[in-house]
Protein chains: 2
Amino acid sequence: MKHIADSTVRRLSLYLRFLEEFQAKGLATISSTELAARGGTTSAQVRKDLSFFGSFGKRGLGYSVPELERRLRRILGLEREWRVIIIGMGKIGAALAGYAGFHQRGFRIVGLYDADPAKVGKRIDGHVVRAASDLAREAHKEGADIAVLTVPASAAQQAADAAVKAGVRALMNFAPVPLTLPANVALKNVNMAMELEGLAFALTNPG
Amino acid sequence: MKHIADSTVRRLSLYLRFLEEFQAKGLATISSTELAARGGTTSAQVRKDLSFFGSFGKRGLGYSVPELERRLRRILGLEREWRVIIIGMGKIGAALAGYAGFHQRGFRIVGLYDADPAKVGKRIDGHVVRAASDLAREAHKEGADIAVLTVPASAAQQAADAAVKAGVRALMNFAPVPLTLPANVALKNVNMAMELEGLAFALTNPG
DNA sequence: TTATGTGAACGCATTCACAGCC
DNA sequence: GGCTGTGAATGCGTTCACATAA
């Protein structure tokens with residue numbers, strides 16, 4: 001398949017959210033213009049985004065809400081369940097363990113890990129925290145697909161390596177360090193402080 | 001000033017992190033090539049990013065680490081302290097209240113808010129949680145610059161409006177809804193579930 | 001008439017390549 | 001010689017505009 005831009009994938013996620021709302025309202029069809037208005041983009045953008053994956057609409061009418069929703073689910077890979085582990089049970093990690101937004105989207109937490117013996121064995125949101133040293137073995141057994149890294153920067157690369165060894169093929173990294181990974185492992189960096197810095201920049205350089 | 005791309009600002013934040021590391025190692029100068037290697041980009045990209053703001057380097061030599069660090073701080077608006085409030089003391093909000101990464105960067109928490117009376121009055125990381133209904137008055141008094149929104153989707157727009165009324169000029173929104181704001185208010189949306197969906201897409205459509 | 005699907009045009013971020021300076 | 005700074009070239013995502021279909 002043609003390469004799809006990151007920005008396109010983000011918008012597809014957005015469209016899916018809006019479609020769920022429209023679905024809940026009982027609307028049967030929706031036009032690219034309506035979807036665009038809801039998502040702060042343009043109708044041409046919506047049509048172009050969808051056209052990468054096929055022709056789902058009816059000319060003169062628009063898109064069938066339930067059908068487009070189903071198509072987007074399939075495109076985004078949300079028709080199956082994804083098994084997620086979280087490594088690092090600090091505040092952010094523990095908060096994510098109980099984040100409802102994950103579960104709603106078919107992401108299932110199958111393991112929580114921490115290197116601190118004081119935390120190992122404790123229960124967080126119904127999961128027993130396991131020792132980081134058991135990660136490779138346990139996570140492999142659980143068939144983990146995705147790992148969320150909420151460990152200190154100094155431990156991030158090691159944790160990532162262990163996750164990869166356990167068969168994880170995608171990482172969401174909250175640690176503020178660049179990770180080195182095999183080419184076939186997907187990576188998404190999230191950095192709260194950097195987001196705030198973006199806002200500080202916007203406030204400092206208005207316009 | 002010329003318009004600066006979002007992606008450029010992100011990289012500037014990255015460069016600053018790396019400069020701090022180099023500074024800690026006692027290195028006096030650094031080349032665009034070294035900075036690029038550390039940040040997963042190219043030397044031309046580094047030089048172009050910096051050139052938007054002036055000429056900080058020495059031909060044949062590179063950049064002075066402490067000077068470039070200072071310059072980046074100024075560019076990003078990190079020479080002053082920013083006053084931050086967090087609205088919504090659910091798990092994510094409470095976790096962010098204690099996130100060290102904010103404080104290290106000069107972001108100071110000046111208020112925590114929640115609509116739930118059961119939470120109001122409680123202490124979280126040294127701050128007393130205040131009633132959301134007092135937001136406009138209190139936040140104004142505290143001179144809040146930035147608000148972090150960690151409320152349910154249904155409450156997000158209302159909370160955003162109250163924050164703006166209190167004089168906040170930048171919002172970091174964790175709620176999965178598009179916000180409508182005055183043009184002069186900066187906005188950054190963060191959505192964990194959407195990030196995970198991006199990984200699911202990458203796993204489903206490899207290459 | 002209405003709204004999709006898409007090639008073409010556009011604009012902007014990235015990369016190239018080299019002149020200029022240390 | 002080494003590395004910056006920057007116009008020029010490139011590549012790519014977005015927007016335009018219209019042929020096409022309901």
Side-chain angles (χ1 to χ4, degrees), chain A residues 1-15 18-19 22 27-72 75 198 201-202 205 207, chain B residues 1-15 18-19 22 27-72 75 198 201-202 205 207:
Chain A
M1 186 203 305
K2 198 178 172 313
H3 175 256
I4 303 297
D6 244 44
S7 48
T8 298
V9 179
R10 294 191 96 83
R11 283 192 299 270
L12 293 177
S13 289
L14 267 184
Y15 302 156
F18 300 149
L19 283 170
F22 285 113
L27 299 176
T29 64
I30 186 170
S31 67
S32 58
T33 307
E34 293 170 287
L35 257 180
R38 197 77 182 69
T41 178
T42 67
S43 63
Q45 181 77 78
V46 171
R47 296 199 298 278
K48 183 67 92 179
D49 287 338
L50 297 178
S51 75
F52 292 133
F53 303 94
S55 303
F56 310 137
K58 284 203 180 17
R59 291 171 197 246
L61 187 62
Y63 301 87
S64 150
V65 171
E67 189 198 327
L68 186 53
E69 194 185 322
R70 189 155 18 86
R71 298 285 199 136
L72 284 179
I75 291 166
F201 177 84
N205 312 60
Chain B
M1 188 201 304
K2 201 177 169 315
H3 175 256
I4 303 298
D6 244 44
S7 49
T8 299
V9 178
R10 293 191 97 83
R11 284 193 299 270
L12 293 177
S13 288
L14 267 184
Y15 302 156
F18 301 148
L19 283 170
F22 285 113
L27 299 176
T29 62
I30 186 170
S31 69
S32 58
T33 307
E34 295 170 286
L35 257 180
R38 197 78 182 69
T41 180
T42 67
S43 62
Q45 181 76 78
V46 171
R47 295 198 299 278
K48 183 66 93 180
D49 287 340
L50 298 177
S51 76
F52 292 133
F53 304 94
S55 304
F56 311 137
K58 284 203 180 15
R59 291 170 197 248
L61 187 62
Y63 301 87
S64 152
V65 171
E67 188 197 329
L68 186 54
E69 195 185 323
R70 189 155 18 86
R71 296 286 199 136
L72 284 180
I75 291 166
F201 177 84
N205 313 59

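Every value quoted in this text rests on a predicted model; they were computed, and no experiment measured them.
- In terms of the salt bridge (charged side-chain N to carboxylate O under 4.0 Å, His left out) criterion, B:Arg47 has no residue partners (sequence neighbours excluded).
- No engagement by B:Thr41 is indicated, since no non-hydrogen atom pair under 4.0 Å with the nucleic acid exists.
- Nearest-nucleotide positions on DNA chain D place B:Lys48 closer to the 5' end than the other of A:Arg47 and B:Lys48.
- Residues satisfying the side chain to side chain contact (heavy atoms under 4.5 Å, CB included) test with B:Ala28, not counting sequence neighbours, are none.
- Screening residues 30-43 of chain B for salt bridge (charged side-chain N to carboxylate O under 4.0 Å, His left out) gives B:Glu21-B:Arg38 as the qualifying pairs, with residues at least two apart or on separate chains.
- Among the atoms of the strands shown, none is found under 4.0 Å from any heavy atom of A:Ser43.
- Residues passing the salt bridge (charged side-chain N to carboxylate O under 4.0 Å, His left out) test with A:Glu69 are A:Arg73, sequence neighbours excluded.
- Residues A:Leu19 and A:Tyr63 fail the side-chain proximity criterion, which asks for heavy atoms closer than 4.5 Å.
- Contacts with DNA chain D (heavy atom under 4.0 Å) in residues 52-66 of chain A: A:Arg59, listed by number.
- Mapping heavy-atom proximity under 4.0 Å, the span of DNA chain D touched by chain A runs 5' to 3' from D:dG13 to D:dA22.
- Under the 4.5 Å side-chain criterion, counting only non-hydrogen atoms from C-beta, B:Val65 is not in contact with B:Phe18.
- The side-chain hydrogen bond (donor to acceptor under 3.5 Å, both in side chains) search around A:Tyr15 returns A:Asp49, not counting sequence neighbours.
- Applying the side-chain hydrogen bond (donor to acceptor under 3.5 Å, both in side chains) rule to A:Thr41 yields no partners; only residues at least two apart in sequence or on another chain are considered.
- Counting only residues at least two apart or on different chains, the salt bridge (charged side-chain N to carboxylate O under 4.0 Å, His left out) pairs with a member in residues 52-67 of chain B are B:Glu67-B:Arg71.
- The stretch residues 31-39 of chain B does not touch DNA chain C, since none of its heavy atoms comes less than 4.0 Å from the strand.
- In this view, B:Ile4 and A:Phe201, B:Met1, B:Thr8, B:Val9, B:Phe52, B:Phe53 satisfy the side chain to side chain contact (heavy atoms under 4.5 Å, CB included) rule, not counting sequence neighbours.
- Taking 4.5 Å as the limit, every side-chain heavy atom of A:Thr42 sits out of range of all side-chain heavy atoms of A:Val46.
- Bracketed by its first and final contacts, the part of DNA chain C lying under 4.0 Å from non-hydrogen atoms of chain B reaches from C:dA13 to C:dC22 in 5' to 3' order.
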